[in-house]
Amino acid sequence: MAEGRIDLKANEQPLPVVRDEAAIAKIPGSYKFVEPGTLTVAISALNSPPLALLASDNRTRIGSDPDIARLLAGSLGLKLKLVPTAWEDWPLGITSGRYDVALVNIGVTEQRKQKFDFATYRVDSLAFSVKTGSPITTVKGPADLSGKKVIVGSGTNQERILLGWNAENEKAGRTPALPVYLTDDASANLYIQSGRADVFFGPQSVSAYKAALSGKTSVVGLGPKKAYVATTTKKGNQLVYALQAALNGGIERGEVQRILARWGEDGEGVAQSDVNPPGITYP
């Protein structure tokens, strides 16, 4: 990803969306939207470009996830309400009915499939990044993180991977990594640049964007697992099939590809949206 490829000012302009009658027909008659005629979507409250960030007016939410949300709402003939949400809050928000859909870069796991339905739109890798000039030049496995301070998000796939690697390190007699739990991007940047943390472990698209934007960080490795990223809805309410149809219509028209391309996520798209595909599993 090159920073020059992402024109933030141009990307503040919403892309055109086509009303999709076939997708609208799949909205279950029994489903009650949080607000009638409106698709209420949880998106990241954090500044996590290119997934979600504030526009130059410091108010409007832009990024690939808000763009996908606009595509879904427009395709389904609905208004859109974006609700900035902390990562820790989206599961309860979906199950309690505060949101119709969550779009917070949520990866499909077998555990999450027990409570939620998913319609895929991206494939995401995880990445390890460090301060440029760090003595850490590559991360390929547990031994490379032995004794290191690693920033992860609580309840994320990357946390599960790190804790699994820590168990392997302990079994091999090596010092485990120290997880550093932070909830905002500014703190993560500060910790990495000040040396209070050694490694940031998070979405590859976010890590690559940061590295290209400032040159202050470098990606030194990819995580061992890839995940399908998907729209997330409450299990069994059947809205997922309307979302899948909207995404597949967007893929057929090239709209999803244009969204990903303008945010530097080319190559992360899916050929078609699948409902509840095999998810990541952990030992």
Side-chain angles (χ1 to χ4, degrees), residues 1 3 5-20 23 33-35 37-87 89-90 93-94 98-107 118-124 153 184-185 202-206 208-210 213 228-233 239-240 242-244 246-247 249-251 253-266 268-270 273:
M1 177 190 298
E3 188 269 333
R5 292 177 53 199
I6 300 178
D7 186 336
L8 292 180
K9 191 64 179 176
N11 286 3
E12 292 183 2
Q13 299 301 315
L15 293 171
V17 178
V18 174
R19 179 183 170 96
D20 190 330
F33 289 96
V34 176
E35 295 183 13
T38 298
L39 189 67
T40 301
V41 180
I43 60 165
S44 177
L46 300 180
N47 188 53
S48 302
L51 304 174
L53 63 155
L54 288 172
S56 57
D57 64 5
N58 209 35
R59 183 177 65 252
T60 305
R61 299 279 169 171
I62 61 174
S64 59
D65 279 351
D67 274 359
I68 291 291
R70 292 185 186 97
L71 181 148
L72 293 172
S75 297
L76 295 175
L78 300 167
K79 297 177 182 178
L80 175 64
K81 180 178 180 180
L82 296 175
V83 182
T85 304
W87 169 263
D89 293 341
W90 73 258
I94 287 291
R98 290 205 304 269
Y99 326 122
D100 298 304
V101 182
L103 283 177
V104 196
N105 198 50
I106 301 168
F118 297 97
T120 61
Y121 61 94
R122 276 180 48 232
V123 178
D124 187 39
D184 66 281
D185 190 63
Q204 188 272 338
S205 55
V206 173
Y209 181 94
K210 287 182 181 180
L213 187 65
Y228 286 110
V229 177
T231 68
T232 306
T233 51
L239 183 62
V240 67
L243 300 175
Q244 178 195 31
L247 288 167
I251 291 169
R253 295 186 297 271
E255 294 167 357
V256 173
Q257 295 91 320
R258 283 194 290 277
I259 289 171
L260 297 182
R262 79 173 186 160
W263 292 107
E265 295 171 321
D266 330 49
E268 295 184 11
V270 294
S273 176

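Here, residue 1 is the first one in the sequence, and each next residue gets the next number. Values below: all heavy atoms of this structure, side chains included; hydrogens, waters and symmetry mates excluded.
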With Ile251 via side chain to side chain contact (heavy atoms under 4.5 Å, CB included) - residues at least two apart: Asn248, Val256, Gln257, Val270
Side-chain touch Lys210/Val206, heavy atoms, less than 4.5 angstrom: yes
Ion pair Asp89/Arg98, N-O distance below 4.0 Å: no
Pairwise side-chain contact, Ile68 with Leu72, heavy-atom cut-off 4.5 Å (strictly under): yes
Audit row: Phe118, Ile106, side-chain contact (heavy atoms from CB on, under 4.5 Å) steps and yes/no: CA-CA 9 Å; Phe118 297 97; Ile106 301 168; 3.9 Å; yes
Side chains of Val41 and Asp100 in contact at under 4.5 Å (non-hydrogen atoms): no
Verdict with supporting geometry, Glu268 and Ser64, side-chain contact (heavy atoms from CB on, under 4.5 Å): CA-CA 12 Å; Glu268 295 184 11; Ser64 59; over 6 Å; no
Residues that Asp57 engages under side chain to side chain contact (heavy atoms under 4.5 Å, CB included), provided they are two or more places apart: Ala55, Arg59, Thr60
Ser205 side chain to Pro203 backbone, donor-acceptor under 3.5 Å: no
Gln244 side chain to Ser273 backbone, donor-acceptor under 3.5 Å: yes
Min side-chain heavy-atom separation Glu265-Leu51 under 4.5 Å: yes
Atom of Pro66, atom of Arg61 and distance for their closest heavy-atom approach: CB-O, 3.8 Å
Non-hydrogen side-chain atoms of Leu103 and Tyr121 separated by less than 4.5 Å: yes
Heavy-atom closest contact (Trp263 atom, Leu53 atom, distance): CZ3-CD2, 3.9 Å
Any donor-acceptor pair under 3.5 Å from Ser44 side chain to Leu46 backbone: yes
Gap separating the OH atom of Tyr99 from the OG1 atom of Thr40, nearest 0.5 angstrom: 10.5 Å
Leu247 versus Ala119, closest heavy-atom pair with distance: CD1-O, 3.8 Å
Full working for side-chain contact (heavy atoms from CB on, under 4.5 Å) between Arg253 and Asp20: CA-CA 11 Å; Arg253 295 186 297 271; Asp20 190 330; 3.4 Å; yes
Closest heavy-atom pair and its distance - Gly77, Arg19: CA-NH1, 3.5 Å
Non-hydrogen side-chain atoms of Leu39 and Phe33 separated by less than 4.5 Å: yes
Pairwise distance CG(Asn105) to CZ(Arg122) - rounded to 0.5 angstrom: 5.0 Å
For the student: nearest non-hydrogen atoms of Tyr228 and Thr120, plus distance: CB-CG2, 3.7 Å
Atom of Leu82, atom of Ala69 and distance for their closest heavy-atom approach: CD2-CB, 3.7 Å
Between CZ on residue Arg70 and CG on residue Asp65, distance to nearest 0.5 Å: 11.0 Å
From CG (Leu71) to CD (Glu255), nearest 0.5 Å: 5.0 Å
Lys9 side, atom NZ; Ile62 side, atom CD1 - distance, nearest 0.5 Å: 9.0 Å
Side-chain donor-acceptor pair present, Ser56, Glu12, cut-off under 3.5 Å: yes
